[in-house]
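Have a look at the structure below before the remarks.
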Amino acid sequence: MQFMLLFSRQGKLRLQKWYVPLSDKERKKISRDLVQTILARKPKMCSFLEWRDLKIVYKRYASLYFCCAVEDQDNELITLEIIHRYVELLDKYFGSVCELDIIFNFEKAYFILDEFLLGGEAQETSKKNVLKAIEQADLLQECTFPV
Amino acid sequence: MPAVSKGDGMRGLAVFISDIRNCKSKEAEIKRINKELANIRSKFKGDKALDGYSKKKYVCKLLFIFLLGHDIDFGHMEAVNLLSSNKYTEKQIGYLFISVLVNSNSELIRLINNAIKNDLSSRNPTFMCLALHCIANVGSREMAEAFAGEIPRILVAGDTMDSVKQSAALCLLRLYKASPDLVLMGEWTSRVVHLLNDQHMGVVTAAISLITCLSSKNPDEFKTCVSLAVSRLSRIVSSASTDLQDYTYYFVPAPWLSCKLLRLLQCYPPPEDGAVKGRLVECLETILNKAQEPPKSKKVQHSNAKNAILFEAISLIIHYDSEPNLLVRACNQLGQFLQHRETNLRYLALESMCTLASSEFSHEAVKTHIETVINALKTERDVSVRQRAADLLYAMCDRSNAKQIVAEMLSYLETADYSIREEMVLKVAILAEKYAVDYSWYVDTILNLIRIAGDYVSEEVWYRVIQIVINRDDVQGYAAKTVFEALQAPACHENMVKVGGYILGEFGNLIAGDPRSSPLVQFNLLHSKFHLCSVPTRALLLSAYIKFINLFPETKATIQEVLRSDSQIRNSDVELQQRAVEYLKLSSIASTDVLATVLEEMPPFPERESSILAKLKKKKGPGAVSVELEDGKERGELNGGGDRGGDAAIAASNASTPSPSADLLGLRSAAPVSGVAPSAGSLLVDVFSEAGPAASSAGVNDDGFLSSTPPSAASEDPAPPLPESDELLNKFVCKNNGVLFENQLLQIGIKSEYRQNLGRMYLFYGNKTSVQFVSFSTTVSCPGELQSQLNVQTKTVEPLVEGGAQVQQVINIECLTDFIDAPLLNIKFRYGGALQNISLKLPVTINKFFQPTEMAAADFFQRWKQLSQPQQEAQKIFKASHGMDTEVLKAKLLGLGTALLENVDPNPENYVCAGVIQTKAQQVGCLLRLEPNAQAQPGEQMYRLTLRSSKDTVSQRVCDLLAEQF
């Protein structure tokens with residue numbers, strides 16, 4: 001996977017994760033173009049599209065669009081389920097997640113994503129294991145360690 | 001699970017986020033942000049030391065501001081400080097900031113790396129994972145330098161926790177992708193492969209991504225993974241849906257891991273071990289069988305996960321391309337999906353079938369779905385699905401269904417989405433050309449194309465129809481008639497006028513017998529469009545008019561009248577004015593014979609890769625143009641059944657071109673003699689992209705296709721020439737064709753031809769690997785004074801060279817004056833991320849410009865004596881490095897380019913030759929004498945080589961070059 005974007009129906013980016021080195025300018029341009037392209041599509045349309053030399057896989061959950069860019073040989077359907085699993089993880093962690101949770105706790109959304117995907121590849125697909133890791137980290141929050 | 005309040009709430013942050021959300025306008029938001037930035041800046045700069053919590057809070061606010069899309073230029077130092085905090089939560093925010101906002105400030109990177117190093121050695125798995133995540137997120141070269149050695153150790157150490165192993169595997173993958181040269185293979189590699197056997201499914205899931213990437217780059221080193229992957233896959237596929245507990249996803253056992261395993265197997269050919277192969281085939285059959293079973297859940301996640309595995313399995317089946325039974329089953333399965341109610345599945349089925357269409361085993365099976373696919377093209381509501389349908393039609397097209405498919409595509413074009421029209425046009429044009437048995441059908445199709453979608457018909461397309469009409473005399477009359485009829489339409493596309501002008505200018509005579517299309521009618525028809533056209537088209541029409549004067553003398557007066565009119569001869573456009581003036585003059589002063597010679601019918605075009613195929617490749621990127629694979633076999637017919645390949649092309653153009661060789665080679669001839677002839681000579685060549693500088697000056701095709709030295713894409717300097725490049729150069733002194741260079745990745749072949757002081761060289765770059773070369777670029781340079789001695793022009797090549805593919809590059813060479821050094825050819829490309837940088841000497845040597853001169857003995861000796869000044873002679877005595885076979889010697893001397901003169905030297909053992917070296921500045925006569933002492937013992941055989949020429953540097957250079965040949 002090359003990158004993942006979360007954005008609202010109004011086109012506001014809520015999370016962006018880049019797995020390939022790109023300049024800030026390029027990232028902004030890509031996000032702008034893609035958000036525009038996807039928002040212009042109608043609800044019943046297919047979840048995949050060709051975009052530049054990448055495959056875009058996206059799905060809308062309530063007010064949020066989840067969008068992944070994968071390479072030519074990557075599997076679209078399994079990417080779609082990567083999105084779903086991430087949504088499940090957020091949902092389980094926040095308890096019926098909504099857009100506001102992600103806005104106000106964006107750092108958590110990033111932490112959860114890092115446990116699930118690393119370098120653009122699935123690191124741990126078990127829901128239990130991912131949440132266990134996050135819980136452990138939460139337990140450590142205020143612990144002080146000897147330096 | 002309880003929400004949010006976990007651990008730490010950062011109230012200040014929540015308030016700030018609320019404030020931003022309450023902003024009514026963009027301006028208000030910016031104002032609020034600037035206020036906050038000022039506040040944070042003052043806190044960071046303030047005298048009071050901030051506690052960890054505040055530092056964390058402000059860093060988090062900065063991060064939020066950055067993610068909103070604003071620039072952040074401070075706070076990095078504070079974030080780095082957080083990394084060494086003894087509070088986990090502060091460390092975590094510090095790492096997040098660094099991951100999102102890394103800055104290649106080298107001072108900072110050093111500090112970051114230090115913090116990471118500490119955490120990696122902390123033996124606390126949570127800290128280690130944080131550090132590894134940071135490396136994986138940033139993935140910079142500096143980090144690779146610091147940690148590429150350490151991470152493999154962590155990955156394979158026996159006491160590493162599973163979660164750390166998972167992070168380490170993917171962290172290493174990221175570093176390997178970014179800097180493959182820094183990740184050294186070693187003892188750890190074999191242990192990594194065995195992670196496929198790990199008990200922990202999460203470890204396998206993470207490790208397999210790394211193994212797949214490493215295998216695709218070093219297949220041999222990792223080939224033991226094949227049998228491991230097959231047995232792991234087999235265990236998953238045959239497991240019950242609950243066996244794998246939390247790795248079962250909506251009743252599908254380990255879908256991610258299954259897909260990754262199938263993907264890994266695609267790095268290898270089918271397993272050679274019969275048992276492994278049997279087991280794998282069984283797995284694939286089970287996966288295909290499961291597709292037919294009733295679903296275990298109605299949830300879309302269930303069917304998606306199941307079908308993800310199915311599609312990956314089909315990819316593997318297609319990759320092997322050796323199991324007809326599986327291929328046909330795959331095709332049938334996809335056929336079912338073509339009519340599925342899920343748009344996603346229809347899309348994927350169309351996409352996957354495209355690759356099946358190129359397999360000989362399943363091509364016919366794919367074709368049976370033609371009606372469904374045509375229907376999809378007509379009725380799908382989503383343009384991206386229609387696009388797939390169009391791709392599939394293109395891929396399944398062959399001789400048997402070409403007419404139907406082309407007709408459907410043409411009718412779809414009338415309503416097609418703008419975004420895909422141009423590509424559709426190219427596809428139609430290619431199919432029409434490729435499967436044209438009947439060329440009138442081809443001409444009809446292309447003219448229809450122009451009529452329906454004229455704006456999307458790129459130059460390549462109409463160039464190509466002209467190339468074909470010129471080369472096929474059986475279609476010329478039909479083309480003239482059809483284009484004449486098409487031009488009758490009151491509004492016709494400018495591209496139609498271009499094609500019409502060109503074809504009538506060449507072949508209008510073939511329909512002139514019919515009074516309805518008499519010469520004057522034709523001319524008036526063309527001229528009625530003139531005023532609506534752009535300058536390049538007008539220029540082309542003017543050329544058509546002058547051709548008319550030659551074809552139909554009766555139109556001369558009318559056309560001269562037009563040329564003479566103020567709107568032509570005083571046209572403000574300099575190109576049009578020049579053409580009008582020159583053509584008018586040419587038509588008035590030249591005799592009929594001269595006119596007929598200058599304006600002769602175009603010779604057939606040398607065969608070359610279809611310009612439209614190249615264009616489609618450029619548009620679609622590699623891999624998308626699957627049909628072209630068999631192109632080589634079929635295209636021969638199109639260009640009149642000639643042989644494919646450079647030799648044939650050269651022969652064809654040599655044989656059929658009456659004009660001076662300058663035109664043949666498409667180079668600008670020396671100085672224009674009359675100011676008229678060169679322009680007329682390049683008259684109709686100029687619409688073709690290879691025509692050289694004459695074309696751009698003619699204005700018709702001023703599209704910048706040519707540039708004398710393509711700008712080098714990579715910033716790296718060209719490598720110095722290879723040590724063996726002089727030797728390689730010597731190999732080509734007496735021959736023009738052959739393999740110039742070869743290593744494990746690349747082969748470079750050469751074909752070249754020379755005429756007078758001009759040369760054309762075809763370089764063929766062959767990718768010997770199965771991986772594409774990217775950023776492929778070549779540069780030809782003339783170092784030092786060579787710059788003023790040779791004029792070298794290259795066409796740029798495509799930046800992508802597919803695995804196993806060959807690309808061609810044409811180089812035009814003009815010799816201005818005699819020279820010694822050879823031009824340098826630099827080739828750069830990336831193979832698997834690593835830059836390859838090769839420099840060679842291009843085998844252009846002074847003797848290539850020899851014209852052989854026959855002369856009798858008396859003449860020879862007379863000239864020999866005339867060239868008797870010491871500096872005019874160069875002589876070498878050297879040992880024979882090969883035998884003294886007479887035929888070989890003769891072949892080499894002929895290969896040098898001189899005439900071998902018989903019965904001149906009184907000693908029949910000796911060889912004498914004569915030739916004239918043609919340069920733009922002067923001609924240099926050159927005489928040669930080679931005296932072998934053939935009677936000597938082998939090992940003591942010697943030659944004496946003497947060169948005499950009117951120029952000392954030439955004598956010396958030719959002597960040096962030739963001395964290396966015997």
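Chain letters run A, B, ... following the sequence lines, proteins first and then strands; every chain starts at 1. Predicted model only: the values in this text are computed from it and were never measured.
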Atom of B:A14, atom of A:F104 and distance for their closest heavy-atom approach: O-CE2, 3.4 Å

Looking at B:S209, B:A136, B:A169, which one has more heavy-atom pairs under 4.5 Å with chain A than the rest? B:S209

If I measure from the heavy atoms of chain A, does B:S18 come under 4.5 Å with its side chain, its backbone, both, or neither? both

Classify the angle between the aromatic ring planes of A:F116 and B:W256 as parallel (below 30°), tilted (30 to 60°) or perpendicular (above 60°). perpendicular

Test: A:E121 and B:R174 ion pair at under 4.0 Å: no

Per-residue tally against chain B (heavy atom, under 4.5 Å) across A:R27, A:R41, A:K44 peaks at A:R41

If one checks every heavy atom of B:I17 against chain A at 4.5 Å, the contacting part turns out to be both

Considering only heavy atoms, which portion of A:V20 lies under 4.5 Å from any heavy atom of chain B: side chain, backbone, both, or neither? backbone

Spatial distance of atom CD (A:E50) from atom CZ (B:R388) [nearest 0.5 Å]: 4.0 Å

Is a donor on one side and an acceptor on the other found under 3.5 Å between the side chain of B:K177 and the backbone of A:G119? no

If I measure from the heavy atoms of chain A, does B:E380 come under 4.5 Å with its side chain, its backbone, both, or neither? neither

Could you tell me which portion of B:L348 (side chain, backbone, both or neither) has an atom closer than 4.5 angstrom to a non-hydrogen atom of chain A? side chain

Of all of A:A133, A:S126, A:A137, which one pairs up most often with chain B through heavy atoms under 4.5 Å apart? A:S126

Given a strict heavy-atom distance threshold of 4.5 Å, which part of B:L68 is in contact with chain A: side chain, backbone, both, or neither? neither

Enter the distance from B:L262:CG to A:N75:CG here, rounded to the nearest 0.5 Å. 9.5 Å

Spacing of OG belonging to B:S384 relative to CG belonging to A:L49, to within rounding of 0.5 Å: 6.0 Å

Working to the nearest 0.5 angstrom, can you tell me the gap between A:L77 CG and B:N307 CG? 6.0 Å

Would you please test B:I93 and A:E107 for side chain to side chain contact (heavy atoms under 4.5 Å, CB included) and show each step? CA-CA 8 Å; B:I93 294 292; A:E107 79 281 10; 4.0 Å; yes

In terms of heavy-atom contacts, A:S47 and B:N344 come closest through N-OD1, 2.7 Å

Parallel, tilted or perpendicular: which fits the ring planes of B:Y249 and A:H84, with parallel below 30° and perpendicular above 60°? perpendicular

Pair A:N129-B:D246, side-chain donor/acceptor within less than 3.5 Å: no

Show your reasoning for whether side chain to side chain contact (heavy atoms under 4.5 Å, CB included) applies to A:E76 and B:Y347. CA-CA 10 Å; A:E76 289 99 334; B:Y347 176 96; 4.3 Å; yes

Is there a donor-acceptor pair closer than 3.5 Å between any side-chain N or O of A:E81 and the backbone N or O of B:A305? no

Is A:K42 in contact with chain B via its backbone, its side chain, both, or neither, using a 4.5 Å heavy-atom distance? neither

B:Q245 versus A:K128: any side-chain heavy-atom pair under 4.5 Å? no

Answer with side chain, backbone, both or neither: which region of A:K28 has an atom nearer than 4.5 Å to a non-hydrogen atom of chain B? side chain

Euclidean distance, A:F48 CZ relative to B:E351 CD, rounded to 0.5 Å: 9.0 Å

Checking heavy atoms, do the side chain of B:S167, its backbone, both or neither come under 4.5 Å from chain A? both

Which residue out of B:K260, B:R263, B:M201, B:H133 racks up the most heavy-atom pairs below 4.5 Å with chain A? B:H133

Hey, is the main chain of A:Q123 close enough, under 3.5 Å, to the side chain of B:Q166 for a donor-acceptor pair? yes

So which heavy atom on A:C46 is nearest to which on B:D382, and how close? N-OD2, 2.8 Å

Top residue by heavy-atom pair count (under 4.5 Å) with chain B, among A:Q16, A:K127, A:R85? A:R85

Identify the heavy atoms of B:L67 and A:F106 that sit nearest to each other, and give their distance. CD1-CD1, 3.8 Å

What heavy-atom pair brings A:R14 and B:R21 nearest, and what distance separates the two atoms? NH2-NH1, 4.1 Å

Go through B:I135, B:N137, B:V203 and name the one with the most non-hydrogen pairs under 4.5 angstrom from chain A. B:N137

Whether the B:T205 and A:E124 side chains hold a donor-acceptor pair (N or O, under 3.5 Å, no angle test) is what I'd like checked. no

Under 4.5 Å from any heavy atom of chain B - which part of A:K59: side chain

Which atoms form the tightest heavy-atom contact between B:D71 and A:D24, and what is the distance? OD1-OD2, 4.0 Å

For A:L80, which atoms come within 4.5 Å of any heavy atom of chain B: side chain, backbone, both, or neither? side chain

What part of B:C129 gets within 4.5 angstrom of chain A, counting heavy atoms only: side chain, backbone, both, or neither? neither

Only counting residues at least two apart or in another chain, list the ones meeting ring-ring contact (aromatic ring centres under 6.0 Å, His included) with A:Y19. none

